[in-house]
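Scroll down for the structure; my scribbles are underneath it.
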2 protein chains.
Amino acid sequence: MSGISRFTPEQIATAKRHAKATPPDDLDPRIEALVNDLIGRVADKWTMLILEVLGEKGTLRFTRLGELVEGISQKMLTQTLRQMERDGLVARTVYPVVPPKVEYQLTPLGASLGAAFCGVWIWAAENLKQVERARVQFDEKAKTV
Amino acid sequence: MSGISRFTPEQIATAKRHAKATPPDDLDPRIEALVNDLIGRVADKWTMLILEVLGEKGTLRFTRLGELVEGISQKMLTQTLRQMERDGLVARTVYPVVPPKVEYQLTPLGASLGAAFCGVWIWAAENLKQVERARVQFDEKAKTV
DNA sequence: CGGGATCCCACTGGATACTG
DNA sequence: CAGTATCCAGTGGGATCCCG
């Protein structure tokens with residue numbers, strides 16, 4: 001993994017349109033619970049990292065993807081990819097050849113989620129130092145007490 | 001919890017400025033690992049929900065906050081709040097009275113993170129149906145096989 | 001009221017080995 | 001190559017009790 005993912009201008013434009021959309025405050029409470037669940041599923045560490053790598057590289061085979069997602073075990077890679085495929089975030093293409101060849105790429109839905117997460121990545125990159133400073137400060141205060 | 005949080009126009013504007021900023025592709029790889037860690041920490045379910053509730057309500061006491069964050073145990077509430085306080089996301093104010101009174105509110109840093117997450121909330125609300133459709137489709141395909 | 005301390009379980013997720 | 005299957009340790013997180 002060599003950098004924060006770069007999404008296309010169209011994807012970023014989509015994210016901005018989302019941000020401008022009227023806040024859905026009038027949501028059914030039951031719907032809201034579902035949204036919370038979805039957030040919980042989607043805000044997963046590996047999901048976000050896979051989203052980033054696929055957003056950056058386009059199409060990747062299983063093993064290569066595993067190499068690019070730093071630190072992921074093959075079990076979690078399989079598991080997360082299945083989950084994402086089920087949720088319609090990634091498309092899985094199997095070529096019936098020997099040895100097997102399987103390619104993964106983001107669906108438009110997956111790409112739009114990647115764009116939505118873009119702001120969080122940027123926030124993290126921009127505020128990393130500030131968070132670290134806050135931690136040092138907090139820990140020192142805790143010591144003296 | 002009664003709705004997706006509403007952030008101020010200024011906060012949303014900040015998010016948009018973030019989105020416009022040049023992608024930090026030239027990051028030090030070590031820095032990138034730190035960013036990934038930070039993402040992992042911050043993309044936590046309870047953190048996101050607390051962020052939402054505090055963003056919506058402003059200032060809250062411990063017990064009230066626990067009521068508003070649907071389903072959280074007191075242990076996780078304490079733990080997550082400490083974490084967020086350490087990271088500089090929430091401010092904790094203790095009033096030396098009996099019985100104790102402790103108030104929590106977002107710091108500017110916490111509010112900016114909330115704004116960054118706003119896009120993800122909206123994405124989830126907008127694409128919930130589509131994800132559910134994808135799941136049904138996936139599950140039915142799996143059955144026939 | 002706002003936690004801290006403990007106990008305990010379920011599940012997450014890593015390592016390893018095997019297969020079509 | 002792209003998984004599946006198995007085993008196992010760590011820990012996320014709930015329940016309970018207690019204290020200042």
Side-chain angles (χ1 to χ4, degrees), chain A residues 33 36-37 39-51 53-54 57 59-87 90-105 138-139 141-143 145, chain B residues 33 36-51 53-54 57 59-87 89-105 138 141-142 145:
Chain A
N36 285 357
D37 281 2
I39 290 278
R41 286 277 304 285
V42 130
D44 165 70
K45 176 187 178 183
W46 296 129
T47 302
M48 289 193 58
L49 292 177
I50 290 176
L51 213 54
V53 170
L54 281 180
K57 302 292 183 180
T59 301
L60 288 170
R61 297 179 62 176
F62 183 82
T63 303
R64 182 74 184 127
L65 188 50
E67 290 165 5
L68 291 176
V69 178
E70 200 84 14
I72 196 170
S73 69
Q74 154 259 47
K75 176 182 176 179
M76 287 321 294
L77 181 58
T78 302
Q79 202 173 339
T80 308
L81 280 173
R82 281 291 169 286
Q83 200 60 72
M84 293 175 76
E85 189 193 354
R86 188 170 109 95
D87 289 347
V90 304
R92 178 172 177 266
T93 314
V94 184
Y95 298 87
V97 296
V98 189
K101 176 175 174 179
V102 179
E103 284 184 347
Y104 293 90
Q105 57 182 319
F138 183 91
D139 293 344
K141 231 176 233 168
K143 257 187 211 169
V145 178
Chain B
N36 285 357
D37 280 2
L38 182 53
I39 290 277
R41 287 277 304 285
V42 129
D44 166 70
K45 174 187 179 183
W46 296 128
T47 302
M48 288 194 60
L49 291 176
I50 291 176
L51 211 56
V53 170
L54 282 180
K57 303 291 185 180
T59 301
L60 289 170
R61 298 179 61 177
F62 184 82
T63 303
R64 183 72 185 128
L65 188 51
E67 290 165 6
L68 292 176
V69 179
E70 201 84 14
I72 195 169
S73 70
Q74 159 256 46
K75 175 183 175 178
M76 287 320 295
L77 181 57
T78 303
Q79 204 173 94
T80 308
L81 280 173
R82 281 293 168 285
Q83 200 59 73
M84 293 175 76
E85 190 193 353
R86 188 170 110 95
D87 289 347
L89 301 178
V90 305
R92 179 171 176 268
T93 314
V94 183
Y95 298 88
V97 297
V98 187
K101 177 176 175 181
V102 179
E103 283 184 346
Y104 292 90
Q105 56 181 320
F138 183 90
K141 231 176 236 170
V145 178

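Each chain gets a letter, A, B and so on, in the order its sequence line appears, and its residues count up from 1. These values consider heavy atoms only, across backbone and side chains, with no hydrogens, waters or symmetry-generated copies. Computed from a predicted model, the values in this text were never measured in an experiment.
The main-chain N or O of Leu89(B) is never found under 3.5 Å from a side-chain atom of Asp87(B) such that the two would form a donor-acceptor pair.
In terms of the salt bridge (Lys or Arg N to Asp or Glu O under 4.0 Å) criterion, Arg92(A) has no residue partners (sequence neighbours excluded). By the side-chain hydrogen bond (donor to acceptor under 3.5 Å, both in side chains) test, Arg61(B) is found to be paired with no residue, residues two or more places apart in sequence or in another chain being considered. With sequence neighbours excluded, the residues satisfying side-chain contact (heavy atoms from CB on, under 4.5 Å) with Thr59(A) are Glu103(A), Gln105(A). In this structure, Val98(A) has no side-chain contact (heavy atoms from CB on, under 4.5 Å) partners at least two apart in sequence or on a different chain. Judged as a salt bridge (Lys or Arg N to Asp or Glu O under 4.0 Å), and not counting sequence neighbours, the contacts of Arg64(A) are Glu67(A).
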How does protein reach along nucleotides 12-20 of chain C, written 5' to 3' as B (base within reach of a heavy atom under 4.0 Å), S (only sugar-phosphate), or - (no contact)?
-BB-BB--B
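Using a 4.0 Å heavy-atom cutoff across all strands shown, Tyr104(A) reaches sugar-phosphate atoms only and no base atom. Arg92(A) comes within contact range of the sugar-phosphate backbone alone, with a heavy-atom separation under 4.0 Å but no base atom that close.
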Derivation and outcome, side chain to side chain contact (heavy atoms under 4.5 Å, CB included), residues Leu51(B) and Met84(B):
CA-CA 9 Å; Leu51(B) 211 56; Met84(B) 293 175 76; 3.8 Å; yes
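Atom CG of Leu65(B) and atom CD1 of Ile72(B) lie 7.5 Å apart (nearest 0.5 Å). Separation of atoms CG (Asp44(A)) and CG (Asp44(B)) is listed at 11.0 Å; rounding is to 0.5 Å.
Distance, Leu65(B) CG to dG3(C) P: 10 Å, rounded to whole Å. Separating the CG atom of Leu81(B) from the P atom of dC1(C) is a distance of 17 Å, rounded to the nearest angstrom.
Considering all non-hydrogen atoms of both residues, Tyr104(A) and Val90(A) come closest at CD2-CG2, 4.5 Å.
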Exercise answer: donor-acceptor pairs, residues 73-83 of chain B side-chain atoms, under 3.5 Å, sequence neighbours excluded:
residue  : atom : partner  : partner atom : Å
Ser73(B) : OG   : Met76(B) : N            : 3.2
Thr78(B) : OG1  : Gln74(B) : O            : 3.0
Thr80(B) : OG1  : Met76(B) : O            : 2.6

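Counting 5' to 3', DNA chain D first comes under 4.0 angstrom of a heavy atom of chain B and last does so at the ends given by dG13(D) to dG20(D).
Neither OP1 nor OP2 of dC1(C) sits under 4.0 Å from any side-chain N or O of Arg61(B).
Stem regions for DNA chain C, each three or more consecutive Watson-Crick or G-U pairs with both distances under 3.5 Å and listed by first number, read C:1-20 with D:1-20.
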